[in-house]
Amino acid sequence: AISRALRLPAFLGKPITTGWILVLLALEALLCFTIIRKVPYTEIDWEAYMSQVKGFLQGERNYLNLRGGTGPLVYPAFFLYVYTALFNLTEQGQNILTGQYIFAALYMLNAAVVFYIYKKSKAPLWAAALLCLSKRVHSIYLLRLFNDGFAALLAHLAVAFGLKGSWPLACTFLSLGVGMKMNVLLYAPAVLLLMLRDMPPLYAFTGVAWCGVIQIIIGFPFLSTFPLQYLSKAFELSRVFMYKWTVNLKFLDEETFLWKSLSIALFALHVILLLFFIRGVLKTSLWDKLQLKRISKSKGTKGEVEIDSSGDRVWVLFMANFIGVACARTLHYQFYSWYFYSLPLLFWKSNFPAPVAVALLLAVEVSFNVFPAQGWSSLLLQMSHVVLMVASFARFQSFESNTK
């Protein structure tokens, strides 16, 4: 009886098709339009972004002096260039409705890229459909206008090109994503790992160097004038976050939350989990399965067939990001966009039945919709992360040990 209750209609379990993608995109477009027309916009960071852009347009190149109502500018320079364009397109930031429609287009473009990733991974329709149902993610894009949306798009473009081995483009979008917001660096270990799978080490590290060149080009107006100020703010690693905005650690008191040793412990946990993950990739047959074009003998025939490795390659990229998010010093509400789009695929790859995956995603969604966050909502989020992390690492047992 339980098995029957957990069984979905057959069509939901089949890989998503182009036709279904078009249907979901049409529904998303209608939903975005309805949200913009019916739900009031909420000002949080937009005015601060516009103030920072004004300072830049007035000739200020010292990052310490680029400030807004919520504090100093803490994002790399590509953020400034993108929001300068938005400044001009929205009548110096005054036409919020135009800004919202621009972000609706951003949301739709990001959704299309993610649907492409899911299609290449042969993810089931139920997993892709879940991507359309987040109240918080729609709010981040359409009602808040956060730069996290641009960072997510650039990261997903890097994933889309990386899964098919187009590394010059993947590295370009990855570096542009870092230039928008530093969290995109969480993908970097997996990007390097897959580049080493696809090409000789020298070529792979050339890709790393190209990412660095892009950062120099992006930051040149500031690196050539006030380099230390730029590096210290755009890539600030010692930033202290505010307790009232944390979504994942509200079960701690404020003193513990601000404790320096907690930050060090979380960073150490991130490194340890990442190393174990990389070891799992290298020491099992997954490493062979990640080969870009893998040929396998077809059963029952004399010929050979090409095996598509996209699903496993995407899993490695999404897992590297998820490990970083799960160990984050803090998660604010807009940070949900960093990893929401990977969750249904990660649940699917971890072999959760669809109803269980829905329940886990709902737990994460609830956690990001409780405002202000409570102790119980943070614990719910952490438990959901732990369940997914354990199930994901258990997946290595499904691969044969690599004894080469």
Side-chain angles (χ1 to χ4, degrees), residues 45-90 92-93 99 102-103 106 109-110 145-162 166-189 191-192 195 202-239 321 324 338:
D45 281 342
W46 175 260
E47 291 182 0
Y49 294 165
M50 294 299 102
S51 296
Q52 292 157 357
V53 165
K54 284 180 183 177
F56 169 64
L57 292 176
Q58 290 168 0
E60 182 60 68
R61 297 296 179 265
N62 186 337
Y63 244 59
L64 298 181
N65 296 331
L66 291 173
R67 304 180 65 87
T70 57
L73 176 56
V74 292
Y75 308 122
F78 192 61
F79 159 84
L80 272 179
Y81 307 149
V82 170
Y83 274 81
T84 294
L86 292 173
F87 179 86
N88 293 322
L89 290 170
T90 58
Q92 300 187 5
I102 291 172
F103 270 79
L106 171 67
L109 179 57
N110 181 65
L145 314 186
F146 287 123
N147 64 325
D148 301 80
F150 286 100
L153 171 62
L154 292 165
H156 292 144
L157 284 168
V159 170
F161 284 106
S166 301
W167 289 115
L169 285 170
C171 288
T172 298
F173 283 116
L174 182 78
S175 193
L176 290 176
V178 173
M180 175 59 66
K181 196 163 187 176
M182 198 168 53
N183 68 282
V184 179
L185 271 175
L186 295 177
Y187 285 95
V191 167
L192 179 58
M195 284 199 295
L202 179 60
Y203 290 171
F205 286 102
T206 299
V208 174
W210 172 237
C211 291
V213 169
I214 292 173
Q215 289 305 311
I216 292 172
I217 294 172
I218 289 171
F220 185 77
F222 307 95
L223 292 171
S224 61
T225 50
F226 297 92
L228 295 180
Q229 291 85 343
Y230 175 70
L231 293 173
S232 67
K233 297 307 295 183
F235 301 98
E236 187 176 9
L237 297 176
S238 59
R239 183 179 172 193
N321 181 61
W338 296 2

Open item on the list: For Phe56 and Tyr81, take the angle between the two ring planes, folded into 0 to 90°, and tell me which bin it lands in: parallel under 30, tilted 30 to 60, perpendicular over 60.
Closed with: tilted

Task: Non-hydrogen side-chain atoms of Val208 and Val191 separated by less than 4.5 Å - done: no

Task: Between CZ on residue Phe226 and CG on residue Leu228, distance to nearest 0.5 Å - done: 11.0 Å

Open item on the list: Measuring from atom CZ of Phe205 to atom CE of Met195, what distance do you get when rounded to the nearest 0.5 angstrom?
Closed with: 8.0 Å

Task: Note, Val184 side chain near Phe173 side chain (heavy atom, < 4.5 Å) - done: no

Open item on the list: For Phe103 and Phe150, I'd like to know if the aromatic rings sit close, meaning centre-to-centre distance below 6.0 Å.
Closed with: yes

Task: Shortest non-hydrogen separation from Ala170 to Gly162 and the atoms involved - done: CB-N, 3.7 Å

- [ ] Say whether, by atom type as modelled, one donor and one acceptor occur between the side chain of Gln215 and the main chain of Ser175 under 3.5 angstrom.
- [x] yes

Open item on the list: What I'd like to find out is whether the side chain of Met182 reaches to under 4.5 Å of the side chain of Phe235, using heavy atoms alone.
Closed with: yes

Task: Heavy-atom donor-acceptor pair, Asn65 side chain to Arg61 backbone, under 3.5 Å - done: no

Open item on the list: Please report the interatomic distance OG(Ser232) to CG(Leu237), rounded to the nearest 0.5 Å.
Closed with: 10.5 Å

Open item on the list: Under the criterion side-chain contact (heavy atoms from CB on, under 4.5 Å), I'd like the reasoning laid out for Phe79 against Gln52: C-alpha separation, chi angles, the key distance, then a yes or no.
Closed with: CA-CA 10 Å; Phe79 159 84; Gln52 292 157 357; 3.8 Å; yes

- [ ] Answer yes or no: is there a donor N or O on one side and an acceptor on the other, between the side chain of Asn321 and the main chain of Trp338, under 3.5 Å?
- [x] yes

Open item on the list: Looking at every heavy atom in both Pro221 and Thr225, which two are closest together, and how far apart are they?
Closed with: O-OG1, 2.8 Å

Task: Shortest non-hydrogen contact from Thr172 toward Pro168 - done: OG1-O, 2.7 Å

Open item on the list: With a sphere of 6.0 Å drawn around CD of Glu236, does it hold more than 12 non-hydrogen atoms of other residues, nucleotides or ligands?
Closed with: yes

Task: Over all atoms of both residues, closest heavy-atom pair of Ala48 and Gly69 - done: CB-N, 3.8 Å

Task: side-chain hydrogen bond (donor to acceptor under 3.5 Å, both in side chains) partners of Glu60, counting only residues at least two apart - done: none

TODO: List for me each residue that meets side-chain hydrogen bond (donor to acceptor under 3.5 Å, both in side chains) alongside Tyr49, sequence neighbours excluded, and say none if there are none.
DONE: Asn147

TODO: Supply the atom-to-atom distance Asp45 CG to Leu145 CG, rounded to the nearest 0.5 angstrom.
DONE: 10.0 Å

- [ ] Any chance you could measure Phe222, atom CZ, to Leu66, atom CG, to the nearest 0.5 Å?
- [x] 6.0 Å

Open item on the list: Please evaluate residues Thr206 and Trp167 with respect to the criterion side-chain contact (heavy atoms from CB on, under 4.5 Å), reporting the C-alpha separation (whole Å), side-chain torsions for both, the decisive distance (0.1 Å), and the verdict.
Closed with: CA-CA 10 Å; Thr206 299; Trp167 289 115; over 6 Å; no

Task: Criterion side-chain contact (heavy atoms from CB on, under 4.5 Å) on Leu174 and Leu154, from CA distance to verdict - done: CA-CA 6 Å; Leu174 182 78; Leu154 292 165; over 6 Å; no

Task: Test side-chain contact (heavy atoms from CB on, under 4.5 Å) applied to Tyr75 and Val82, step by step - done: CA-CA 12 Å; Tyr75 308 122; Val82 170; over 6 Å; no

Task: Minimum heavy-atom distance Gly68-Ser51, with the two atoms named - done: CA-CB, 3.9 Å

Open item on the list: Once rounded to the nearest 0.5 Å, what's the spacing between atom CD of Gln229 and atom CG of Leu73?
Closed with: 13.0 Å

